[in-house]
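Notes follow once the structure below has been shown.
All values below were derived from every heavy atom in this structure, side-chain atoms included, with hydrogens, water molecules and symmetry-related copies excluded.
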Amino acid sequence: MRTTVDTGRLVTERIRESAAVKQAMLEDGELLDLVREVAEVCVDSLKRGGKLLLFGNGGSAADAQHLAAELVGRYLRERSALPAMALNTNCSCVTAIGNDYSYEEIFSRQIEAFGGKDDVAIGISTSGNSRNVIRAVKIAKDKGMATAVMTGKAGGMLKTIADYCVCVPSDETPRIQEAHILIGHVLCEIIEEQLCQ
């Protein structure tokens, strides 16, 4: 027998859950400071002629692509294009590396190819344990790049290796992803404001 879902209640509960995560972020001074630090690292990189390399899987890949587009295009202000790229968007590159090497190498090979010491590697993983994101962060560190990641509450393995780990205070993937795009938008706005003065 099919059960009916109280869609009105579901809508209200999910919005309330999302708001609760954001309220918890707002009350976490350490997290807020960390977001500002990551923004400053990105601004410093771009001022030195560096670029931002973003990457993730699934919904996190979409977030990486979204944020890179905000920076190359524009977020809120008319300005010059900023060098940012999502490493998950070149499907020929991703599938060739995955086929010839392994899925674990799809981002690290691109970091090896495109990353420089003035660049910032920005990994996104709700669990903090995505092996291809971990591998890319390790390679970025080996190249002397700054590394920043966005994860869920525990931070996973990425918390132990990245220079900056912004851990969203939730264990639920949808709520974490909603917070990641908020943090990404804040980063974009700070970057624009700092570079357009």
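A salt bridge links Arg175 to Glu178: one of the charged nitrogens lies within less than 4.0 Å of a carboxylate oxygen. Using a 4.0 Å cut-off between charged side-chain N and carboxylate O, Glu189 and Arg77 make no salt bridge.
Side-chain polar atoms of Ser45 and Asp118 form no donor-acceptor pair below 3.5 angstrom. Asn132 and Asn57 are linked by a side-chain donor-acceptor pair at a separation below 3.5 angstrom, with hydrogens and angles left out of the test. Of the N and O atoms on the side chains of Gln65 and Thr89, not one donor lies less than 3.5 Å from an acceptor on the other residue.
Ring centroid separation for the pair His180 and His66 does not come in under the 6.0 Å cut-off.
Open room surrounds CE on Met157; 12 or fewer heavy atoms of other groups in view lie less than 6.0 Å from it. Other residues, nucleotides and ligands contribute at most 12 non-hydrogen atoms within 6.0 Å of the NZ atom of Lys159. The local environment of NZ in Lys138 is sparse, with at most 12 non-hydrogen atoms from other residues, nucleotides or ligands closer than 6.0 Å.
Rounding to the nearest 0.5 angstrom, the gap separating the CD atom in Glu172 from the CD1 atom in Ile176 is 8.0 Å.
Minimum interatomic distance between Ile190 and Val43 (heavy atoms only, all atoms of both residues): O-CG2, 4.5 Å.
Within the structure, every pair that satisfies the side-chain hydrogen bond (donor to acceptor under 3.5 Å, both in side chains) test and touches residues 24-36, not counting sequence neighbours, is listed here: Gln23-Glu27, Asp33-Arg36.
Stacking of Arg109 on the aromatic ring of Tyr101 is recorded, both the 6.0 Å distance cut-off and the 45° axial limit being met.
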